[in-house]
Number of protein chains: 2
Amino acid sequence: MKSKNSYHHGDLRNALLQAGERLLAKEGVVGLSLRSVAKEAGVSHSAPYRHFRDKGALLSAIAQAGFERLAEAMDKAEKQHPDDPAKQLLAAGIGYVTLAVGNPETANLMFGGAIKPDEKDAELMEAGDRAFQGLVRIIENGQQAGIYKERETMELALAAWSSSHGLALLITAGKLKDAASSEEQVTQLAASVCEILSRGMLK
Amino acid sequence: MKSKNSYHHGDLRNALLQAGERLLAKEGVVGLSLRSVAKEAGVSHSAPYRHFRDKGALLSAIAQAGFERLAEAMDKAEKQHPDDPAKQLLAAGIGYVTLAVGNPETANLMFGGAIKPDEKDAELMEAGDRAFQGLVRIIENGQQAGIYKERETMELALAAWSSSHGLALLITAGKLKDAASSEEQVTQLAASVCEILSRGMLK
DNA sequence: ACCTGAACACCGTTCAAGT
DNA sequence: ACCTGAACACCGTTCAAGT
């Protein structure tokens with residue numbers, strides 16, 4: 001049992017993670033300093049170094065939490081429609097885009113290159129892979145149900161991933177300002193992209 | 001006629017832009033400081049402020065150049081296949097992805113949220129729009145040729161943009177490390193995604 | 001008109017010292 | 001074992017002063 005007012009914080013690691021996410025949402029990845037995170041958590045500017053190797057490690061941990069939420073969204077999409085892999089894919093796409101739009105700065109952190117390749121630790125990569133594997137499973141469900149054309153699982157999964165990912169990042173980057181202001185519009189756009197990908201652009 | 005050794009640089013704005021792009025490619029958007037750009041250009045750390053309002057304005061100008069190259073790639077894709085809008089779309093997708101993969105840090109700058117929304121000046125937005133309009137024109141060519149299903153131009157364009165954009169950023173973010181190491185592999189992936197989008201995933 | 005150098009407030013990181 | 005505070009090298013930005 002630890003007191004919050006004591007010299008020793010007790011759960012500083014989590015407090016820093018929370019403060020980091022809060023400041024990230026407010027200030028963006030450029031405006032987020034390790035010192036401001038420490039201040040927000042109520043500790044000195046050097047305290048974080050007991051829990052994170054450096055600033056990149058904190059960012060990496062925040063990004064990891066984002067990938068875990070993304071993996072959950074994929075799992076949820078699969079379980080929501082146990083016998084309809086087409087609906088699973090639609091729900092996955094909408095979930096992907098909705099999650100990114102709801103946390104645009106986290107999405108930028110996860111995919112925007114703020115974390116240098118050599119700072120990407122194994123845990124971060126694993127969390128990213130888990131999210132992708134959730135989508136791959138949904139594609140495999142469709143293949144087993146025989147609804148897709150004969151193609152490599154990875155090719156289909158990459159096409160689906162690319163279109164959801166692209167739409168999500170176009171929105172978070174503000175390139176679709178007027179067309180994607182409400183959550184309803186965002187859902188509609190995700191559904192439209194998913195349908196075009198499923199049925200094809202060509203006659 | 002201006003001398004490079006004189007006290008007055010003569011073309012410092014362009015020199016800073018060039019130095020910025022060079023350092024961006026080498027250090028990434030996180031490692032790029034305005035002071036290092038000034039040093040690379042051989043001027044004092046405060047000289048850039050004669051030519052750019054602040055650091056964001058320099059980044060914005062670099063991003064703008066990136067969008068102009070992207071717009072050129074779209075135009076080139078259209079002109080390369082004057083009578084085949086399907087090939088235009090494939091060339092546009094490959095061009096998009098190839099450009100991003102060749103300049104990953106510039107792509108991150110263009111789409112990664114390093115430039116805050118309020119720093120996005122009119123010129124930057126226009127350059128981005130021009131690139132998108134190039135893609136829209138290619139879609140319209142296909143609609144006029146009657147090759148696409150009946151759908152809003154914008155819906156088709158957004159689906160095409162999303163999938164190319166998503167693939168490009170997945171690669172530059174390093175999420176496809178092993179599958180996209182050579183330029184040939186990258187072209188192949190872009191072609192695969194484009195074909196799946198054109199013909200559809202479903203049987 | 002354009003560039004420099006000192007100055008200021010901030011930042012990431014380290015390390016001896018405190019509890 | 002965990003946190004603090006001084007210290008260092010860096011950064012963005014401003015501004016009087018130089019050419």
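Sequence lines set the chain letters: A, B, ... in the order given, protein chains first and strands last, and positions in each chain run from 1. Since the structure is predicted, the reported quantities are computational estimates derived from the model, not experimental observations.
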Between dG12(C) atom C1' and L59(A) atom CG, what is the distance in whole Å? 12 Å

Partner nucleotide of dC11(C) by Watson-Crick or wobble geometry (both distances under 3.5 Å): none

For a quick test of reading the model: is some side-chain N or O of H45(A) closer than 4.0 Å to OP1 or OP2 of dA6(D)? no

Assuming nearest nucleotide by heavy-atom distance, tell me which of L34(A) and R50(A) is located more 5' along DNA chain C. L34(A)

Rounded to the nearest Å, what distance is computed from the CG atom of residue L32(A) to the C1' atom of nucleotide dC10(C)? 14 Å

Using whole Å, what does the distance between atom P of nucleotide dT13(C) and atom NZ of K55(A) come to? 8 Å

Nearest-Å distance, CZ (F52(A)) to P (dT13(C))? 13 Å

Could you check whether the side chain of R35(B) and the base of dT13(D) have a donor-acceptor pair of N or O atoms closer than 3.5 Å, going by distance alone? yes

The single option from V101(A), V186(A), V193(A) that satisfies side-chain contact (heavy atoms from CB on, under 4.5 Å) with L167(A) is V193(A)

Between E140(A) and T153(A), do the side chains contain an N or O donor and an N or O acceptor separated by less than 3.5 Å? no

Thinking salt bridges, do E195(A) and R199(A) make one under a 4.0 Å N-O criterion? yes

What does S33(B) touch in the nucleic acid at a heavy-atom separation under 4.0 angstrom: a base, only the sugar-phosphate, or nothing? sugar-phosphate

Roughly how many Å is it from CG in L58(B) to P in dC11(D), rounded to a whole number? 14 Å

In whole Å, I'd like the distance from the CG atom of L23(A) to the P atom of dC11(C). 11 Å

Round to a whole Å and report the spacing from OH of Y49(B) to C1' of dG5(C). 14 Å

Under 3.5 Å on both distances, the Watson-Crick or G-U partner of dA1(D): dT19(C)

Is E27(A) paired with K116(B) through a side-chain N to carboxylate O contact shorter than 4.0 Å? no

Just the rounded figure in Å: distance from P of dC3(C) to CG of L16(B). 9 Å

Between S46(A) and dT4(D), is there a side-chain N or O to OP1/OP2 distance below 4.0 Å? no

Donor-acceptor contact below 3.5 Å, side chain N103(B) vs main chain T106(B): no

Starting at the 5' end of DNA chain D and moving along, which residue's nearest nucleotide shows up first, L12(A) or G56(B)? L12(A)

Which comes earlier along DNA chain C counting from the 5' end, the contact point of R53(A) or that of H51(B), where each point is its nearest nucleotide? H51(B)

